[in-house]
Number of protein chains: 2
Amino acid sequence: MAMGRPRAFDMDEALERALQVFWRKGYEGASLTDLTEAMGINPPSLYAAFGNKEGLFHKAVERYVAERGKFWAEAMNEPTARAAVERLMRHSADFLTDKCNPGGCLLVQGALSCSDQATPVKRALANRRATGEARLRDRFERAKSDGDLPAEVDPTDLARYVMTMMEGMAIQAASGTTREALQRVVDVTLRSFPG
Amino acid sequence: MAMGRPRAFDMDEALERALQVFWRKGYEGASLTDLTEAMGINPPSLYAAFGNKEGLFHKAVERYVAERGKFWAEAMNEPTARAAVERLMRHSADFLTDKCNPGGCLLVQGALSCSDQATPVKRALANRRATGEARLRDRFERAKSDGDLPAEVDPTDLARYVMTMMEGMAIQAASGTTREALQRVVDVTLRSFPG
DNA sequence: GGAATTATATAGCGATCAATAAGAAATTAG
DNA sequence: CTAATTTCTTATTGATCGCTATATAATTCC
């Protein structure tokens, strides 16, 4: 069978550039013109490769979680709950303020509030955040049976507390708070963390 | 001089309704159609009364801070830093999840990420949040001279920590976290707060 | 080479965006 | 009453939104 004209752009690189636009402007704040210009392609190529704007966004989020979220797994593998939280928050403080990236977190600022038609996107991001919270809760449950968290600790509440802190750090980073200042916020948090 | 035709709508009530639309959908997510329908007026009336969409938004934010932010002053007047933070966070947890309101905080989700042309709005909200952080810092400085905070505490860092927590709570509330769950996050925070 | 297939570039679609022009309606001043 | 002033309703404006129809270019199969 005939194979047709070969694609003239690198899909991975185009997706990475779209990801950065969404990261900076959010789902609705990023226009197709913004996206196609950053990706170096024309609209028909975008639609042929990624479906539509929402499909492109979901693929960008998937890439974001897969590539930028690796440190979550590393953190959860630390031997104790405290070490896991410390590694998670230290890396987050660096990551959220990394000058190579737009400030903040795509999962937080990608579609926090939006028009009615974008509510599915908003919900998808909220689900991604909830997944992170669930991973923390699971890790804390394991820590309790390991004995490195006191028996009176509620893993659900502690996970929500840590997640709330990290989401707040994303807001701070998006507002221009520096890496050093964010690390001092982590200091304050860890000073009181059990273990 | 001639007084002209009297205005047929209540400006305060119209502004309140616009505020609620912005709160739910954000600055860019709220269309003029959304706004005029909620306010019960036609576009020319909106523009005559409030200038333009951005002017309306700023007036809505001003109203939001003045009316919904009263509890900040009450909290800062508590006798100790710890009591101030407890009152601030307890009220915030209730406020952010109040079923009479859209979930979350207008100052956080009003324009967290946006198109280039809305960046002035984004910056204005970041400045409002920074003002809250500064009030906390000032209160903690006073607490240090009052002796109800240890001398080794850095008021700037502690204020940033509390503000980060509150911003995270706004994200949680916007994602559907309940009042009770948010109060348990406050429990965890207060368990470690000095005083 | 010729047919089939796929990606490209150009141009433009209908819908919606924020904002307004035009004129009728409602008030006060004299 | 008339004149002046202001707000109202109606109907658009030009720009931009996400998206696509069309035709051309580039490749493979036969």
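To find a chain, count down the sequence lines: A is the first, B the second, and so on, and within it residues start at 1. Quantities reported herein were computed from a predicted structural model and do not represent experimental measurements.
- Spacing between atom CG of A:Asp10 and atom C1' of C:dA7 amounts to 15 Å, rounded to whole angstrom units.
- Between the P atom of C:dT20 and the CG atom of B:Asn52 lies a distance of 8 Å, rounded to the nearest Å.
- Atom CG of B:Leu46 is separated from atom P of C:dA19 by 9 Å (rounded to the nearest Å).
- Classification of B:Arg184 and A:Asp154 as a salt-bridged pair fails, no side-chain N sitting under 4.0 Å from a carboxylate O.
- For the residue pair A:Glu54 and A:His58, a side-chain donor N or O sits within less than 3.5 Å of a side-chain acceptor on the partner.
- Taking the centre and axis of the six-membered ring of B:Phe9, the NZ or CZ atom of B:Arg7 falls inside the cone set by 45° and 6.0 Å.
- Looking at B:Val108 and B:Arg129, their side chains come closer than 4.5 Å, going by heavy atoms from C-beta outward.
- Rounded to an integer number of Å, the gap from CG of B:Leu56 to P of C:dA19 is 10 Å.
- Between the side chains of A:Ser31 and A:Asp34, a donor-acceptor pair is found at a separation under 3.5 Å.
- In this structure, A:Phe50 places its CZ atom 16 Å from C1' of D:dC19, rounding to the nearest Å.
- Enclosure of atom CD in A:Gln117 is not indicated, since only 12 or fewer non-hydrogen atoms of other residues, nucleotides or ligands lie within 6.0 angstrom.
- Within the 4.0 Å cut-off from OP1 or OP2 of D:dC19, at least one side-chain nitrogen or oxygen of A:Tyr47 is found.
- Against DNA chain D, the stretch residues 20-38 of chain A makes heavy-atom approaches under 4.0 Å through A:Ala30, A:Ser31, A:Leu32, A:Thr33.
- Atom CD in B:Gln117 sits roughly 14 Å away from atom P in D:dA15 (whole-Å rounding).
- Between the side chains of B:Asp94 and B:Gln183, a donor-acceptor pair is found at a separation under 3.5 Å.
- Not less than 6.0 angstrom separates the ring centroid of A:Phe57 from the ring centroid of A:Trp23.
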Filtered N/O pairs between nucleotides 8-12 of chain C and protein, under 3.5 Å:
unit_1, atom_1, unit_2, atom_2, d
C:dT8, OP1, A:Ala8, N, 2.8
C:dT8, OP2, A:Ser45, OG, 2.9
C:dA9, OP2, A:Asn42, OD1, 2.3
C:dA9, O5', A:Asn42, OD1, 3.2

